[in-house]
Amino acid sequence: MATMDSLIGLMNRIQRACTVLGDFGGGTGGNGGLPTLWESLPSIAVVGGQSSGKSSVLESVVGRDFLPRGSGIVTRRPLVLQLQQTQKGEADYAEFLHLPNRKFTDFNLVRKEIQDETDRITGKTKQISPVPIHLSIYSPNVVNLTLIDLPGLTKVAVEGQPDSIVEDIEDMVRSYVDKPNSVILAISPANQDIATSDAIKLAREVDPTGERTFGVLTKLDLMDQGTNALDVLEGRAYRLLHPWVGIVNRSQADINRNVDMILARKKEREYFQYSPDYSHLASRMGSEYLAKLLSQHLESVIKAQIPSITSTINKSIEELDKELDSLGRPVAVDPGAKLYTILELCRLVDRIFKEHLDGGRPGGDRIYGVFDKNLPTALSKLPFDKHLSIQNVKKVVSEADGYQPHLIAPEQGYRRLIESALSYFRGPAEKTVDAIHFILKELVRMSIGECQELKRFPTLQSELAAACYEALERYKEDSKKTTLRLVDMEATYLTVEFFRKLPQEGEIRPGGDGKRGSNAPPEPQLVDRYGEGHYRTIASNVKAYIAMVSDTLRDTIPKAVVHCQVREAKRSLLTNFYNRVANRATNDLGEMLDEDPSLMGRRQELAQRLELYQKAREEINSAFTR
Ligand code: GDP
Ligand code: MG
């Protein structure tokens with residue numbers, strides 16, 4: 001079983017660690033929703049009105065001069081004072097948490113450092129800040145104790161202070177005494193009516209039963225001649241569960257005369273021993289007694305608190321573990337592990353992308369939609385009617401004939417009409433390629449977005465996306481070339497068979513509407529080779545040929561597009577990226593795995609706090625199993 005001394009030491013260590021991690025009271029600590037251990041740590045908070053003697057009481061308890069004192073608001077940041085008893089004969093020294101490795105043996109310098117450190121956060125204004133200063137004092141003459149000196153409660157803002165200061169101070173003080181593990185050292189000056197004591201007022205509010213309030217009455221020496229504070233000290237004026245302790249601190253005159261603490265304590269002892277009013281209470285009065293009383297009490301509070309602290313720790317560890325899991329664990333530092341992480345993430349994205357294409361995730365069906373709807377619609381909307389109007393046919397055929405009109409079928413005229421009609425197919429071919437490109441790009445974007453694990457690496461994410469888009473761009477160019485080539489091929493060699501099968505002109509009714517396969521048997525007649533009917537027939541034949549080509553392209557364009565774009569994307573979307581990664585210097589790999597700074601910060605915060613809790617748990621466990 002641990003000794004109580006070591007338990008207070010343990011609490012002190014946890015408390016210091018809490019401050020380093022920004023886990024402290026004061027509300028504005030910016031805890032970021034992290035679990036807090038601070039809340040469950042027992043401590044003794046000193047509260048009271050301005051100049052009620054708070055800092056003086058602390059100094060008396062410590063037995064050293066080290067606190068800035070004076071009129072007005074001197075204490076503007078909480079001071080967490082951890083007293084640690086050392087072996088007899090060892091010299092006193094002090095240490096600040098913000099100045100590790102520096103031992104202060106001159107307590108005047110401690111005072112100066114408290115002032116400077118206060119100003120460092122609040123500026124030389126009269127502002128206050130909830131960020132605590134941690135001071136540890138090691139001495140054979142102290143009892144193990146943790147006390148928190150707080151700004152004095154005040155009634156009005158003075159020059160240079162914001163109007164909100166009165167409330168701000170009260171809020172800050174309240175945040176320290178609110179928590180159920182806080183012991184309240186309520187300081188009231190004896191030369192003021194206890195009914196008007198700010199300390200008692202606040203204590204009563206947060207601790208109505210009084211079980212964690214210790215009433216301290218200062219300035220007994222300043223009471224009017226002929227009056228005494230027995231009513232208060234004996235618990236008649238205001239009842240508390242714990243007995244009141246009267247204190248006589250040094251007066252301002254004593255301080256100015258540099259009356260040292262040893263002498264001050266001696267004078268205080270003598271004051272009570274020889275006071276006609278208080279001699280019967282002498283053994284329960286004075287700062288030395290107060291120090292022992294508080295130490296004992298703090299020990300019992302810690303002892304009672306250990307189970308709940310342990311359970312807070314366990315619960316917090318669980319929460320932190322969970323959030324860390326969801327953020328992703330830190331990436332290993334060695335290049336091999338980095339490369340592995342990058343490739344794993346790429347594979348993941350690739351897999352998601354394939355699921356989009358092959359089914360399982362949505363999107364692939366949109367490609368079929370383009371082939372099944374958009375392409376046929378675009379083909380059907382091509383302006384062949386206009387191109388094959390009688391006037392245009394006549395114009396093209398005549399131009400092709402030159403000075404000598406054609407004798408039988410206008411071979412050149414047909415060719416020109418067909419060639420120029422075929423060029424219309426370039427549009428839908430290109431549009432189809434673009435549409436598929438757009439869909440593939442969208443699927444890449446979705447796949448990257450859906451890869452949760454990739455979210456923490458914005459650099460990798462954008463480099464990966466860029467490489468994929470680049471690859472898609474190449475497939476698109478290739479696909480365009482191929483589909484346009486399909487169209488061009490149709491123009492360079494016409495299907496002879498089609499024309500051979502055409503009925504001879506003589507078989508077509510004069511003035512026929514160009515529709516072949518009509519039920520009425522064609523009446524052989526002589527055709528006017530330069531009449532309207534003749535051109536209509538030409539137009540109709542060309543239209544039929546174009547329709548045949550259109551059917552073919554409706555089938556072959558999708559084949560080309562799938563071959564050049566979809567299949568390639570499935571096969572080698574990331575090939576380029578892999579090559580790039582392979583050629584990278586190892587330190588560049590780290591750059592690729594740069595994380596969102598806010599995320600890294602959060603993870604670090606969580607990890608540090610987790611470490612704190614794990615250490616605390618270990619310490620508590622070993623303290624109780626020793
Ligand atoms: P704080 O503002 O509550 O921290 O009060 P301080 O400890 O700074 O004390 C304010 C003033 O009251 C100082 O000048 C002290 O010397 C003086 N003082 C505090 N306690 C006593 C006391 O018990 N007797 C006398 N005579 N003066 C005291
Ligand atoms: Mg003070």
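It should be emphasised that the depicted structure is a prediction, and the values quoted were computed from it without experimental measurement. Start at 1 and go down the list; that is how both ligands and their atoms are numbered. Nothing fancy with the numbering, it's 1 onward along the sequence.
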Backbone N or O of Phe66 within a donor-acceptor pair of the Glu59 side chain at under 3.5 Å? yes
Determine, considering heavy atoms only, which of Ile187, Asp221, Asp149 sits nearest to atom 25 (C) of ligand 1. Asp221
Quick one: does Val47's side chain get under 4.5 Å of Tyr176's, heavy atoms only? no
Are any N, O or S atoms from Ser51 nearer to the Mg ion (ligand 2) than 2.8 Å? no
Side chains of Ser60 and Asn249: do they bring a donor and an acceptor to under 3.5 Å? yes
Just wondering, is there an N, O or S atom on Thr75 that's nearer than 2.8 Å to the Mg ion (ligand 2)? yes
Is it true that a side-chain atom of Asp193 and a backbone atom of Thr196 form a donor plus acceptor pair closer than 3.5 Å? no
Looking only at distance, does Ser51 have an N or O less than 3.5 Å from an N or O of ligand 1? yes
Do Glu268 and Ser287 have a side chain donor and acceptor closer than 3.5 Å? yes
Quick look: Ile255 vs ligand 1, heavy-atom contacts under 4.0 Å, and the answer is side chain
For ligand 1, note which part of Asn249 has a heavy atom under 4.0 Å away: side chain, backbone, both or neither. both
Other residues, nucleotides and ligands only: do more than 12 of their heavy atoms fall within 6.0 Å of CZ on Arg236? yes
Do any nitrogen or oxygen atoms of Gly53 come within less than 3.5 Å of a nitrogen or oxygen of ligand 1? yes
Within the 4.0 Å heavy-atom shell around Val248, which atoms of ligand 1 are there? 23 (O)
For atom 15 (C) of ligand 1, which candidate among Lys219, Arg250, Glu268 provides the closest heavy atom? Arg250
Note: heavy atom closest to atom 7 (O) of ligand 1, options Gly152, Ser56, Ser52, belongs to Ser56
Quick check: Gln252 and ligand 1, any N/O pair under 3.5 Å apart? yes
Could you tell me whether a side-chain N or O of Asp207 sits under 3.5 Å from a main-chain N or O of Arg212, the two making a donor and an acceptor? yes
Looking at every non-hydrogen atom in both residues, tell me the closest pair between Pro243 and Arg284 and how far apart they are. CB-NH1, 4.1 Å
Provide the number and element of each atom of ligand 1 under 4.0 Å from a heavy atom of Gly49. 3 (O)
